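No experiment lies behind these values; they were computed from the predicted model shown. All values below come from the heavy atoms of this structure, side chains included, with hydrogens, waters and symmetry mates left out.
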Amino acid sequence: MTTITAEEGEMLIRTEELPNGVTVLTEEIPHVRSVAIGVWVDVGSRDEAPEQNGISHFIEHALFKGTSTRTAKQIAEELDAVGGQLNAFTAKEYTCFHARVLDEHFRLAVDLLTDMLFNSRFDPADLEREKNVIIEEIKMYEDAPDELVHDVFTGTLWQGHPLGRPIVGTEEVVKSLGREDLLRFYERHYLQGRMVVSVAGNIRHEEALAAITPAFERVRGNGEARLLASPAPHAEITHRLRDTEQVHLCIGTPGVALGDDLSYIFQTLNTILGGGMSSRLFQRIREDRGLVYSVYSYHSSYRDTGLFCIYAGLAAPNVSQTLEMIAAEIASVRRRGISEEEFLRAKNQLKGNFLLSLESVVARMSRMGKSQLYLGRVVPPEEVVAKIEAVTLEDVFAVAESFFRPENFALASIGPWEDGMVWREALGRLN
C-alpha cells in the first residue's frame with residue numbers, strides 16, 4: 001500500500017513496502033532533469049565480529065568488480081556514457097549504493113545497481129586483487145593523520161565495541177578474509193537483510209515502482225533484527241607518537257542517538273562551539289590567536305548512542321595553550337555563558353544549512369533513505385525546522401551541564417606530543 005509521508009507544495013514523498021519487505025520511497029521533483037536513487041542496506045561495520053572487521057567495506061568494493069553480465073569496466077562505462085554518476089559507501093550501521101542520472105536513464109541506473117547487488121561474481125582472482133586495493137586504502141588513511149585521528153578517538157571512547165573499530169578494517173583481517181567469508185556475510189545481510197530504496201527527482205512514483213519492483217525480487221525478507229549492545233564510554237587518553245609536522249587532536253564525550261530530540265539541542269550547542277567559521281573555537285583559537293590551522297567540532301548519532309568531538313590540527317608548541325582555550329570555552333557554555341544573540345544565530349545557521357541542502361536531489365534521496373532506515377519513517381522538513389525552533393537556551397545549558405562533565409571526556413592524538421596531563425589539568429576548569 002502506498003502512503004503519503006510528507007507533502008511540500010508540488011513535492012510528494014510516497015512510501016511503499018514490497019511483498020518481500022523492501023521499502024521503496026519516492027519524491028517527485030518535476031522542476032529538475034535528474035533522478036537520484038540509493039539502495040540502503042542495513043549493515044555496516046557495527047555488525048562485524050573482530051575477525052570480520054572490514055568485511056562490509058570489502059563487499060562494497062567486491063560488488064563493483066563484475067557481474068554475470070557485465071565486467072567492471074562495463075559497469076563504469078555504461079553510466080559514464082550517459083553522464084551519470086555511480087558510487088557507494090560503507091558506514092558503521094549501513095551501506096549505500098547510489099546513482100544519479102538524467103530522468104530518461106532511470107531504468108539503466110536501476111539495472112546497473114541491481115545487477116551489481118544481486119549478480120556479482122565474487123571472482124577469487126578479482127577479490128585477491130581488490131584486497132591489495134583496500135590495503136592501499138588502509139595505508140592511505142594511516143598516512144592521513146587528520147583523518148586517522150577520528151578513528152583513534154572512537155576506538156578510545158568506545159574501546160572493545162564494534163562502533164570503535166575502523167570501517168575499512170585492518171590489513172591483517174582483510175588479508176585473512178576469503179571468498180566464502182564474504183558470501184556468507186553477503187547472503188545473510190544483503191539477500192535476507194533490510195533494504196530501503198530511495199528515489200528523488202523528476203520521476204513519478206508509479207514509474208519508479210515499475211522499474212524497482214521486479215529488480216528486487218531476489219531479496220527474501222527483512223531477516224534478523226539487529227541485537228544492539230550499547231557501547232560503554234571510556235574517558236581515557238590515547239597517544240600515537242608520529243614524526244609529523246603537526247599534532248592532530250580529538251577531544252570529546254558521548255552524545256545522543258539519532259531520533260532523540262536532544263540531538264537538535266546538541267546540534268545547536270555544537271554550532272555555537274565549533275560548527276562553522278563563526279563558531280567560538282574557530283574565531284578565538286584560529287582567528288584571534290593563530291594557534292591552529294584547523295579547529296572544528298561535530299556531533300554524530302547512531303541507533304542507540306552518539307558522540308561529540310572537537311578536532312584541532314596544530315604545532316606541538318601550541319598544544320597546551322590550545323587545550324586551555326578549548327577547556328575554557330567548554331566551561332563557559334557549562335556556566336551559562338551563551339548570549340541570546342549567539343543562540344539565535346546558531347539556530348538560524350542550522351535551519352539555513354538544512355533547508356539549503358534540500359535543493360540537491362542527492363541530499364533529498366539520502367535524507368529519505370537514512371531516515372527510513374533508522375526511524376521507520378521520513379521526517380518532514382517542517383518537523384525538522386519546528387524542532388530546531390523549539391530548542392531553548394535553557395535546553396542548551398542543560399545539555400552542556402549534563403554531557404560536558406570532566407569525567408566524560410576522552411582524548412586521542414597523533415603526532416609529536418604525548419603530555420595528556422595537560423588536558424587533565426585543563427579539565428579542572430569544568431568543575
> Donor-acceptor check, side chain of Ser301 to backbone of Val256, threshold 3.5 angstrom: yes or no?
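Checking the backbone N and O of Val256 against the side chain of Ser301, a donor-acceptor pair under 3.5 Å is found.
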
> Starting at CG of Leu314, measure out to CD1 of Ile285 and round the result to the nearest 0.5 Å.
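Rounded to the nearest 0.5 Å, the CG-CD1 separation comes out at 9.0 Å.
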
> Could you pull out the closest heavy-atom pair between Phe403 and Asn408, with the gap in Å?
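For Phe403 versus Asn408, the nearest heavy atoms are O-ND2, 2.8 Å.
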
> Give me the ring orientation class for Tyr190 and Tyr186: parallel if the planes are under 30° apart, tilted from 30 to 60°, perpendicular past 60°.
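Rings of Tyr190 and Tyr186: parallel, as their planes differ by under 30°.
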
> What's the shortest heavy-atom distance between Leu427 and Pro406, and which atoms?
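Closest approach of Leu427 to Pro406: CD1-O, 3.8 Å.
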
> Going by the angle between their ring planes, with limits at 30° and 60°, are Tyr94 and Trp40 parallel, tilted or perpendicular?
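The arrangement is tilted - the two ring planes meet at 30° to 60°.
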
> Under 6.0 Å from the CD atom of Glu104, do we count more than 12 heavy atoms belonging to anything else shown?
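Above 12, so yes.
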
> Which one of Ile272, Thr268, Leu273 satisfies the side-chain contact (heavy atoms from CB on, under 4.5 Å) criterion with Ile338?
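For Ile338, the side-chain contact (heavy atoms from CB on, under 4.5 Å) check succeeds only for Ile272.
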
> Between Arg280 and Glu342, is the closest basic N to carboxylate O distance under 4.0 Å?
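Result for this pair is yes, salt bridge flagged.
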
> Does this structure show an ion pair linking Asp143 with Arg242, if we count only N-O contacts that are shorter than 4.0 Å?
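Answer for the salt bridge query: no.
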
> With distance as the sole test, does Asn87 use its side chain to make a donor-acceptor pair with the main-chain N or O of His98 at under 3.5 Å?
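No; judged by distance alone, with no hydrogens or angles, the pair does not exist.
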
> Could you check whether Glu16 and His205, counting side-chain N and O atoms only, form a donor-acceptor pair closer than 3.5 Å?
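Yes - a donor-acceptor pair under 3.5 Å links their side chains.
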
> Would you call Arg336 and Glu401 a salt bridge, taking side-chain N to carboxylate O under 4.0 Å as the test?
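No, no charged N to carboxylate O under 4.0 Å.
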
> Please tell me whether His234 and Trp158 form a close aromatic pair, meaning their ring centres lie under 6.0 Å apart.
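Centroid distance His234-Trp158: not below 6.0 Å, so no.
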
> Test Ile134 against His61 for side chain to side chain contact (heavy atoms under 4.5 Å, CB included), laying out the working first.
CA-CA 8 Å; Ile134 295 169; His61 276 241; 3.8 Å; yes

> Could you walk me through whether Lys347 and Leu350 pass the side chain to side chain contact (heavy atoms under 4.5 Å, CB included) test, one step at a time?
CA-CA 5 Å; Lys347 291 212 298 182; Leu350 277 179; 5.6 Å; no

> For Phe89, is the CZ atom crowded, meaning more than 12 foreign heavy atoms sit under 6.0 Å from it?
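For Phe89, atom CZ is crowded (more than 12 foreign heavy atoms under 6.0 Å).
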
> Write down the atom of Ala257, the atom of Ser263, and the distance for their closest heavy-atom approach.
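It is O-CB, 4.3 Å.
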
> Looking at Glu207 and Arg107, is there a salt bridge between them, counting it only when a charged N and a carboxylate O are closer than 4.0 Å?
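Salt bridge between Arg107 and Glu207, a charged N being under 4.0 Å from a carboxylate O: no.
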
> Do the charged groups of Arg377 and Glu383 touch, with an N to O distance under 4.0 Å?
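Result for this pair is yes, salt bridge flagged.
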
> Please confirm whether Arg303 makes a cation-pi placement over Tyr374, using NZ or CZ under 6.0 Å from the six-membered ring centre and within 45° of the ring normal.
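Relative to the ring axis of Tyr374, which defines the angle, Arg303 lies inside both limits.
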
> State whether Tyr293 and Arg286 meet the cation-pi test: NZ (Lys) or CZ (Arg) under 6.0 Å from the six-membered ring centroid, and within 45° of the perpendicular axis.
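Judged by the rule (NZ or CZ under 6.0 Å from the ring centre, within 45° of its axis), Arg286 counts as positioned above Tyr293.
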
> Look at the rings of Phe404 and Phe308 and say which category their plane angle falls in: under 30° parallel, 30 to 60° tilted, over 60° perpendicular.
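Correct class here is tilted.
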
> Give a yes or no on whether the backbone of Val41 and the side-chain of Thr95 come within a donor-acceptor separation of less than 3.5 Å.
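Absent.
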
> Can you see which heavy atom on Ile55 is nearest to which on Glu48, and at what distance?
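Closest heavy-atom pair between Ile55 and Glu48: N-OE2, 3.3 Å.
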
> Determine whether a donor-acceptor pair (N or O, by modelled atom type, separation under 3.5 Å) exists between the side chain of Asn53 and the backbone of Pro166.
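Answer holds: yes.
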
> If you count heavy atoms of other groups shown closer than 6.0 angstrom to CZ of Arg204, is the number above 12?
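No - once you tally the heavy atoms of other residues, nucleotides and ligands closer than 6.0 Å, there are 12 at most.
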
> Check this for me: does any side-chain nitrogen of one of Arg14 and Glu206 sit under 4.0 Å from a carboxylate oxygen of the other?
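A salt bridge is present here (some side-chain N lies under 4.0 Å from a carboxylate O).
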
> Write down the atom of Tyr298, the atom of Asn270, and the distance for their closest heavy-atom approach.
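Nearest pair, atom of Tyr298 first, then Asn270: N-OD1, 3.1 Å.
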
> Mind listing the closest non-hydrogen atom pair of Ser297 and Gly275 along with its distance?
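Looks like OG-N, 3.9 Å.
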
> Before you tell me yes or no, could you show the steps for Gln349 and Asn353 under side chain to side chain contact (heavy atoms under 4.5 Å, CB included), namely the whole-Å CA-CA distance, both residues' side-chain angles and the distance that decides it to 0.1 Å?
CA-CA 6 Å; Gln349 181 179 337; Asn353 288 343; 3.7 Å; yes

> How long is the gap from CD1 on Ile237 to CG on Leu411, to the nearest 0.5 Å?
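Going from the CD1 atom of Ile237 to the CG atom of Leu411 covers 5.5 Å.
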
> Taking CZ in Arg165 as the centre, count heavy atoms belonging to other residues, nucleotides or ligands within less than 6.0 Å. Is the count above 12?
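More than 12 heavy atoms, drawn from other residues, nucleotides or ligands, come within 6.0 Å of this atom.
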
> Go through the steps for Val199 and Met365 under the test side chain to side chain contact (heavy atoms under 4.5 Å, CB included), then give the verdict.
CA-CA 6 Å; Val199 180; Met365 175 277 291; over 6 Å; no

> Evaluate the ring planes of Tyr311 and His248, with Trp represented by its six-membered ring, and classify them as parallel (under 30°), tilted (30 to 60°) or perpendicular (over 60°).
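Plane angle under 30°, so parallel.
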
> Any side-chain heavy atom of Ile388 within less than 4.5 Å of one from Val384?
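Sidechains of Val384 and Ile388: in contact.
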
